[in-house]
Structures are given as C-alpha cells and as structure tokens.
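Presented below is the structure to which this report refers.
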Protein chains: 2
Amino acid sequence: MPASPPLADSTALIARIHALAARATPARIAVLRLLDEAERALSHREIEDALGTGFDRVTLYRVLDWLVESGLAHRVIDAGRVFRFSLASPANATHTAHAHFRCEACGKVFCLDEIPVPTPALPAGFSGKAVEYCITGQCARCDQSEQEK
Amino acid sequence: MPASPPLADSTALIARIHALAARATPARIAVLRLLDEAERALSHREIEDALGTGFDRVTLYRVLDWLVESGLAHRVIDAGRVFRFSLASPANATHTAHAHFRCEACGKVFCLDEIPVPTPALPAGFSGKAVEYCITGQCARCDQSEQEK
DNA sequence: ACCCTTATCGCAACAGAGTTGCAATTAAGA
DNA sequence: TCTTAATTGCAACTCTGTTGCGATAAGGGT
C-alpha cells in the first residue's frame, strides 16, 4: 500500500467550491480531491471506502448530488445499478457527450474524454440532447493479467 | 379503455418457448407476447402493471431473467436505476450493438434498431465487445404535446 | 386419460443503493 | 466574536431486485 497520495492543493479546491457560492466543507473538499485524482468514474461505495469513516453515507450522497447539480461532475449509471461519478473537465462542463468504458472483469468504469461521440440521425419527431456512449469489454490491466495466465 | 389487444398467435409463442427446451407457462407466454407487441423497452413495473395481478412479482423477474439468459431479450439499465427489457430481433440475436432513445419527459425507452452504432477506436490495451449507445431527449409524442401548450 | 418427474411458481424474507425529515453543527460574512 | 443559514449526522424509509423453499403444474411416457 503506497503512502497517501500527494495532496492536491487544497486552496485551489476551496476556490473552486467558493466560485459556486457554496461552502467549502471537509466533505466537499475530500470528495472533490478524490474525484480529481481518480482516472475513472467512482461509485458512492468506492468513495466511502477511500475516504474512511470520517463522513456519513448521506453526506457523501449529498455532496455528489451537489457536484452533479452544479455541473462539476457527471453521473452515469453502471450495469450493476449503481451511479458512478467523474469530474467534468472544465472544457466540456456543458456535458453534451461523454464516452465511457466499462471493464467486465474488474467492473471499473473509465472516462474516454478524447473519443469523439458521433451524433446519429433520429426518427422524425425525436429530438436528442445528451448522448451516452458506453463500451463494455476488457481494460488494459485485466486484458494483460489474463494473458499472463 | 379499448378492448384487449388482438391476441398474437399463442401457438407461435409457445413454439418459440419450446424451441428453447423450456416449459410454456402462462407467465412466459404473457410476457413474451407483451414484449413482442411493445415498441419500446419495458421495465418490470410496466410489465407487472400491464399484466394485472395474475402473476407474482418474483415470477416476472424470473421470466425476464430467463428471457435474457436464453437470448430472446436484451436488458438495458435505465437512468433511473431500473432494468428495461426488449425482445431481441431474431436477426441480431447476437447482441453486438444496440441503440436506445430515452425520453426525459415520459421516461420511456425506445429501441432504435435501425441506427448503426459506430465502433470507436479505443486506447491501447483496451478491447471492446459490446457498445451501449443511448440518446436522451424528447420523444415524438412528448415533443408534440409540449408545442401544444 | 393418468402418472411421474422436475421445471416453475408463489410466498416471505432479505439485500443494496439511494432518499427524506429534522434537530444539531459549523462555515463564513458582518 | 457573533449570527445565521447552509451542511451535517442520524434514523427511518423507499424502491428495485434477489434468494430459499415448499407447493404446483407442464409435458413426456404409459
């Protein structure tokens, strides 16, 4: 187990929260930092485990709701009926399209920001807004460990 | 309330079930017929409501599980954390790709079988299998009723 | 038409993720 | 430092889906 990850600059995180006219509470700072350092979409459970017993379940749910409402994070639903959260990159804060990759082996969900999401033609009368694009398969790590067997 | 919908040929449905070496029970026939007539993906709740009080909750869950396991139906997860089911068209029984449209207003999910699902390039090491492609917006009916206001 | 076997069913109890109400706490502006 | 409204923590709840198990009935054989 490595030492605690290098602390991201708390001041910057606090500023980001204050910019939304919200209070910079420990729970918000901790969740924001965790998501900022994560390279994949995290579930409530994963966040709870990562942060230890310092915060109440419900507080974390509310922090996550707040993140989504304020546009700082995306919420996607996982095949296992759990929500996963990832920070919205400042550029695409207006979440028009977002691609994800879900590994069947480890269950983790990765954000594929760099993949362009095509906008398809819809049947008459239908107007599309957001496009959810999720690819299921094996991630790099699981694919590798499978070959080692 | 219109009269009961025209009964699809029960014999054909029963044959379809027998072809899987399974027993043609009333629950299976009813669910199969309902999904066959539905033009969109139905949730367990919608199926339960549509079929009335004749079947147990759990029985319907098990029928749906059986449909998915035997490849007769697809199961997709909805933004509201509920599973939705749609019959797999015999042609694409091997569910390679499938597109859906979810209406924000009425919550219904439509199958867009005719839309081609593009296969994107993945980061190194990742291997994709299934692609879930879901567009969120307003369906034809809700779009229309909104303009009438 | 009647039996058997066993796949299915129905009930009841459970599990997990997420939500709500409300009193206690605390961030942050005055 | 003081005030006050935004947040928190707790407890209880909802909802979707699952599991165990005895009872029922589909369908093949006689």
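These numbers come from the heavy atoms of this one structure, side chains and all, not from hydrogens, waters or symmetry mates. All figures in this text were calculated on a predicted structure; none of them were measured in a lab. Proteins come first, then strands; the chains are lettered A, B, ... in the order of their sequence lines, and each starts at number 1.
- By the salt bridge (Lys or Arg N to Asp or Glu O under 4.0 Å) test, B:Asp65 pairs with B:Arg75, sequence neighbours left out.
- Under the ring-ring contact (aromatic ring centres under 6.0 Å, His included) criterion, B:Phe110 pairs with A:Phe126, sequence neighbours left out.
- Residue A:Val31 is tested with A:Leu67, A:Asp36, A:Thr25, A:Leu42 for a side chain to side chain contact (heavy atoms under 4.5 Å, CB included); the sole match is A:Leu67.
- In this structure, the helix from C:dA1-D:dT30 to C:dA30-D:dT1 shows an angle of 30° between the axis at its start and the axis at its end, each fitted on 5 base pairs and rounded to 10°.
- The side chain to side chain donor-acceptor pair (under 3.5 Å) check on B:Arg28 picks up nothing, with sequence neighbours excluded.
- Legend: residues meeting salt bridge (Lys or Arg N to Asp or Glu O under 4.0 Å) with B:Arg23, ordered by chain and number and at least two apart, are absent.
- For A:Phe83, there are no ring-ring contact (aromatic ring centres under 6.0 Å, His included) partners at least two apart in sequence or on another chain.
- One atom, CD of B:Glu48, and another, P of C:dC9, lie 15 Å apart when rounded to the nearest Å.
- Judged as a side chain to side chain donor-acceptor pair (under 3.5 Å), and not counting sequence neighbours, the contacts of B:Arg84 are B:Glu46, B:Asp78.
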Next item on the list: Determine, for nucleotides 13-26 of chain C in 5'-to-3' order, which nucleotides have protein heavy atoms under 4.0 Å from the base (write B), from only the sugar-phosphate (write S), or from neither (write -).
Entry: ----BBBBB----B
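- Qualifying side chain to side chain contact (heavy atoms under 4.5 Å, CB included) partners for B:Tyr61, counting only residues two or more places apart in sequence or in other chains: B:His44, B:Arg57.
- A nucleotide of DNA chain D counts as in contact with chain B when one of its atoms lies under 4.0 Å from a heavy atom; the first and last such, 5' to 3', are D:dT16 to D:dG27.
- With sequence neighbours left out, A:Ala30 forms a side chain to side chain contact (heavy atoms under 4.5 Å, CB included) with A:Leu51, A:Phe55.
- Listed by first and then second residue, the ring pair (Phe, Tyr, Trp, His ring centres under 6.0 Å) pairs involving residues 15-36 of chain A amount to none (not counting sequence neighbours).
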